[in-house]
Amino acid sequence: MTSTTNPQRTRYLAALSLFVFILLWHGIASWLATPVLPEPIKVAEVMWSEIYHGDLLHHLGMTLFRLTLSFIIAMILGSALGILLGRTPTIDHFFDNWLIIFLNIPALVTIILCYVWFGLSEVAAILAVVVNKLPNVIVTLREGAKSLDKDLLEMAQSYRLSRKKILTQVIWPQLHPYFMAAARSGIALIWKIVLVVELLGRSDGMGFQLHLFFQLFDVASILAYTLAFITVIQVIEISVLKPLDHYGRRWQR
Amino acid sequence: MTEISLAIEQKKFPKSSQPQSENIIADLNLNIHSGEFVCLIGPSGCGKTTLLNLVAGLDENYQGTITFGAPHNDCRIGYVFQNPRLLPWRTVRENIELVLPLYTPDHTVDELLASMKLTAVQDNYPQRLSLGMSRRVALVRAFAINPDILLMDEPFVSLDAPTARKIRKQLITLWDQQQHTVLFVTHDLREAITLADRLIFLSNSPMTIVRDVKVTVPRAQRFNENQIEQFKNQLLSQYPDINHLL
């Protein structure tokens, strides 16, 4: 990083790079002049009309609902299991192979198996996403729980702090960076999986719509949906994850 | 205020894979009276910290008994570790309040912070403090619970001399008011003479008691350098065997 990173300059650079990206897109699209690569303005028009006259908000909402629910389940369950494995070596050694197996099962396989075993239902869809994300959260939180500061734990023990205090005041703040890492990579991973889940076995949501547009060769709509979704994810990142991360680091120099 | 009796037959290294691993502590018997200030002096690495951890209940893997005047669970232990061990995500005040029982009145902490001249930094996070300040916060934390037993593991090591002297005075003032039983580990004989009622000299591993000496310098004279030096020289000539422990 150079020494000239004042916030105004950074913001200016970010805006410039976005502008160049759109300009480049527009240039290539108008040069090729093909329906499979519409210009940015065309995509914006489609997005606008889909929001106001189409079903974009409904499908986006369904996808966000699945994303949120599976994210919350995966984070809570994964954190609990990760801490358990990180703190008890016997259980960790026992389940280590299981984790490696689950980490390496392709997402598509879990999705197909969930649908085959549990039917084309909402529960199967959510379950498939959770199973895909869970091992990731467990591994990250396990590393965090393994590297807990022994000095601080001894301090807590010698002062006879309650279990609740030890968990919330001594252990959790040390796990916070690991939790945030799992959360951030989690959202990025989960939303991609949710789309595949919807494509394969749901009748609404982004994935279902994209499949429909693919069959119609409607690239403008595909890009419009993508754009809408990226925007929503960015808003979540900036309004929820970044402040949470910042709050967790407030004590650092 | 609680007496402590230690009778440790042996303490081996934890998790040592060798069956005949060496003892760290062997046949150590020590009775400490209620309200007594005892300094443990010995070469570094001889097992003094291990001994404090046994007393604190952090390590239960030893043969022998440690008994307190009060039942173990009723006995409040304040432990000042070699490094301050403050939670970096809690402010100075929050660090102290963490170890206090619920509904402790604010003025307890206020007075202790003031006595250690920490009032101005009470809302700072520990990473913004100097080492000397952090050590003082750790002291306040130990005093704040009004402990029956105070364990201190070289709490002033790596502080500059004037700061260390100042904190030693504050420590004695607070101890005068509260009269806890203190176990203080050091390898600085002058520091030990300044603070203690009684000096316990410990040998290298396996650690055991070599000498048990009362400090006869009156409390009022403890911050007089000449008196301390005089007592130290007298001690070394009287017990030449402690020379190699320092």
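Residue numbers start from 1 in every chain, and the chains themselves are labelled A, B, ... in the order their sequence lines are given, proteins ahead of strands. As the structure is a computational prediction, the values presented were derived from the model and not from experiment. Computed from heavy atoms alone, side chains included, the values below leave out hydrogens, waters and symmetry copies.
With chain A as partner, the option from B:Leu151, B:Ile145, B:Val99, B:Asn83 having the largest number of non-hydrogen pairs under 4.5 angstrom is B:Val99. By number of non-hydrogen pairs under 4.5 angstrom with chain B, the leading residue of A:Arg249, A:Gln174, A:Lys165, A:Met155 is A:Met155. In terms of heavy-atom pairs under 4.5 Å with chain A, the best-connected choice from B:Asn53, B:Leu58, B:Leu87, B:Thr91 is B:Leu58.
Residue B:Leu52: no heavy atom, backbone or side chain, is found under 4.5 Å from chain A. Neither the backbone nor the side chain of B:Asn124 has a heavy atom closer than 4.5 Å to any heavy atom of chain A. For A:Arg250, the parts lying under 4.5 angstrom from a heavy atom of chain B are both the backbone and the side chain. Of the atoms belonging to B:Tyr79, heavy atoms from both backbone and side chain fall under 4.5 Å from chain A. The part of B:Leu86 that comes within reach of chain A is its backbone (N, CA, C, O), which places non-hydrogen atoms under 4.5 angstrom from that chain. Looking at B:Leu98, both its backbone and its side chain come within 4.5 Å of chain A, counting heavy atoms on both sides.
Annotation for A:Lys242: atom NZ does not count as buried by contact number, only 12 or fewer foreign heavy atoms lying within 6.0 Å. Taking a 6.0 Å sphere around CD of A:Gln252, one finds it holds more than 12 heavy atoms contributed by other residues, nucleotides or ligands.
Judged purely by atom type and a 3.5 angstrom limit, B:Arg141 uses its side chain to pair as donor or acceptor with the backbone of B:Pro84. Distance alone, capped at 3.5 Å, is enough to place a donor-acceptor pair between the B:Arg135 side chain and the B:Pro155 backbone. Remark: the backbone N or O of B:Phe37 is paired with a side-chain donor or acceptor of B:Asp197 at under 3.5 angstrom.
Looking only at side-chain heavy atoms (C-beta outward), A:Leu113 and A:Phe118 stay at 4.5 Å or farther from each other.
A salt bridge does not link B:Arg90 with B:Glu97: every distance from a Lys NZ or Arg NE/NH1/NH2 to an Asp or Glu carboxylate oxygen is 4.0 Å or more. Using a cut-off of 4.0 Å between Lys/Arg side-chain N and Asp/Glu carboxylate O, A:Asp204 and A:Arg66 are scored as salt-bridged.
If you run side chain to side chain contact (heavy atoms under 4.5 Å, CB included) between A:Leu175 and each of A:Leu148, A:Leu167, A:Thr140, only A:Leu148 comes through.
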Next on the checklist: One pair to check against side chain to side chain donor-acceptor pair (under 3.5 Å): B:Glu3 and B:Thr181. What are the steps and the verdict?
Outcome noted: CA-CA 7 Å; B:Glu3 56 191 43; B:Thr181 309; over 6 Å; no

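Identified by a heavy-atom distance below 4.5 Å to chain B, contributing residues of residues 79-97 of chain A are lacking entirely.
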